[in-house]
Engineer: 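After the structure tokens below, expect a handful of questions from me.
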Amino acid sequence: MKFYSTNNKNLKVSLKEAVLTGMPADKGLFMPEIINKLEDKFFQNLSGLSFQEMSKIIAQNIIDDIDEKIMDAIIDEAINFDAPLVPITEKISTLELFHGPTLAFKDFGARFMSRLMACYMKDSKQKLNIIVATSGDTGSAVANGFLGVPNINVLVLYPSGKVSKLQEKQIATLGENITALEVAGTFDDCQKMVKASLLDKDILANLKITSANSINISRLIPQIFYFFQMVAQLNNRADDKIAVCVPSGNFGNLTAGLISKKMGLPIAQFIAATNINDVVPEYLKSAIFTPRPSVTTISNAMDVGNPSNFARILDLYHHDYATLSHEIKGYAFRDSQTREKMKEVYTESGYICDPHGAVGCLGLETFLQKNPEYKQGIFLETAHPAKFKEIVDATIGKDVPIPDRLTRFMDRDILSVKISTEFQQLKDLMLGSETYR
Ligand SMILES: *Cc1c(COP(=O)(O)O)cnc(C)c1O
């Protein structure tokens with residue numbers, strides 16, 4: 001199986017190259033050359049398979065340059081927590097994707113990517129350095145995902161004083177192969193330094209270095225697995241037409257859902273729900289795509305003004321707007337609506353949504369109201385409500401308990417190295433230590 005660039009279908013590389021480089025030289029995005037439908041037999045048995053068992057079969061459908069036994073071991077290690085489907089009302093269920101170590105769905109992508117990279121690096125004499133800038137969530141998922149993975153170092157740059165205490169603890173207390181760099185600047189400064197290091201001649205000549213941002217195709221693969229796991233859990237209700245709402249920012253999650261559908265998963269309708277950063281819902285209504293600077297909201301992991309996976313979605317539909325806008329509906333919601341929904345879901349059912357899940361719930365309900373032929377729907381719950389404790393507590397008037405695996409971090413010491421926004425300092429640190437060679 002080869003992977004092509006969305007900018008040039010003739011530029012094809014192996015999965016190994018796609019994963020280790022992250023982005024094609026022409027700045028497109030890597031996509032699998034062929035997405036095969038899985039066999040009928042597999043779908044008939046779906047409910048009888050464990051999450052790991054089905055993941056292994058799906059992985060074989062897309063990855064062919066890793067020995068099957070090794071791939072199975074990667075899945076057992078990376079996909080070691082559940083994605084339960086939890087009913088909220090008679091018509092609405094949620095797929096909880098926050099049971100990993102940092103309590104957000106990004107754990108799936110980070111854990112899988114890290115082990116895949118380690119496998120590809122196994123015979124290399126050089127270590128692979130992953131450098132990532134974070135405003136909070138991505139950095140913690142990546143740092144925890146790569147913790148203890150042999151032959152790989154991670155450098156996480158985060159803006160001093162601009163991530164929450166909890167996020168800093170999740171990024172900066174790990175040690176081992178994770179270096180946390182506290183930058184005296186903004187997230188944009190961190191981003192600039194990461195880009196500079198990926199282009200620096202001296203660094204490139206001496207170190208093997210790549211990024212771990214969300215465009216890496218290996219992060220999407222495990223996200224395909226849980227759409228299958230979702231349908232498997234529907235059991236006897238699977239005869240109804242299924243609508244799935246994905247709260248979206250960079251649209252990686254939705255892209256994974258669309259790929260699962262191409263593999264034969266019977267999802268009749270996708271709904272993309274966003275906060276007021278609504279360039280994709282706007283496109284779905286008007287056929288006009290207008291990227292613009294993002295606006296801050298309470299569902300901040302979706303504050304994206306130019307969604308990076310949009311090119312993949314266009315590619316999956318061969319730029320056919322009519323089909324695309326039929327199979328994906330898009331709705332956008334203001335923070336006031338999100339807060340209202342969190343309150344309402346809690347009072348009526350006792351379920352606590354995080355702000356991102358609440359946007360998903362709003363999108364699903366909007367669709368179901370307009371399309372009564374759909375008897376049920378599912379929205380993805382992308383983060384644990386305790387990750388957004390201040391907002392959630394204030395909105396529902398209750399003290400959300402923090403899970404143990406999160407409080408655990410709070411007692412640990414911060415190990416970060418403080419640096420300025422001067423690139424030379426980062427460069428000296430990287431080139432001056434044997435750690436990164
Ligand atoms: C990253 C993130 C999203 C957005 O997912 P995309 O795949 O970028 O659309 C939604 N919710 C949470 C909690 C996230 O961390």
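Remember, it's 1-based here, ligands and their atoms both numbered in the order they're listed. For the single chain, residues carry numbers from 1 onward in sequence order. Please read all numbers here as calculations on a predicted model, not as lab measurements.
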Engineer: Should we say atom CD of Glu390 is surrounded by more than 12 heavy atoms from elsewhere, each under 6.0 Å from it?
Structural biologist: no

Engineer: Find all protein N or O atoms under 3.5 angstrom from an N or O atom of ligand 1 and list the pairs with distances, or write 'none'.
Structural biologist:
from, atom 1, to, atom 2, distance (Å)
ligand 1, 7 (O), Gly252, N, 3.1
ligand 1, 7 (O), Asn253, N, 2.9
ligand 1, 8 (O), Asn250, N, 2.8
ligand 1, 9 (O), Gly249, N, 2.8
ligand 1, 9 (O), Asn250, N, 3.3
ligand 1, 9 (O), Phe251, N, 2.8
ligand 1, 11 (N), Thr382, OG1, 2.8
ligand 1, 15 (O), Lys106, NZ, 2.5

Engineer: Counting only heavy atoms not in Arg408, do more than 12 sit closer than 6.0 Å to its CZ atom?
Structural biologist: yes

Engineer: How are the rings of Phe289 and Phe310 set to each other: parallel, tilted or perpendicular (split at 30° and 60°)?
Structural biologist: parallel

Engineer: Do Thr186 and Asp188 have side-chain atoms, one donor and one acceptor, less than 3.5 Å apart?
Structural biologist: no

Engineer: List in chain and number order the residues that pass salt bridge (charged side-chain N to carboxylate O under 4.0 Å, His left out) with Lys195, two or more places apart in sequence or in another chain; answer none if no residue qualifies.
Structural biologist: none

Engineer: In terms of heavy-atom contacts, does NZ of Lys9 have more than 12 from other residues, nucleotides or ligands at under 6.0 Å?
Structural biologist: yes

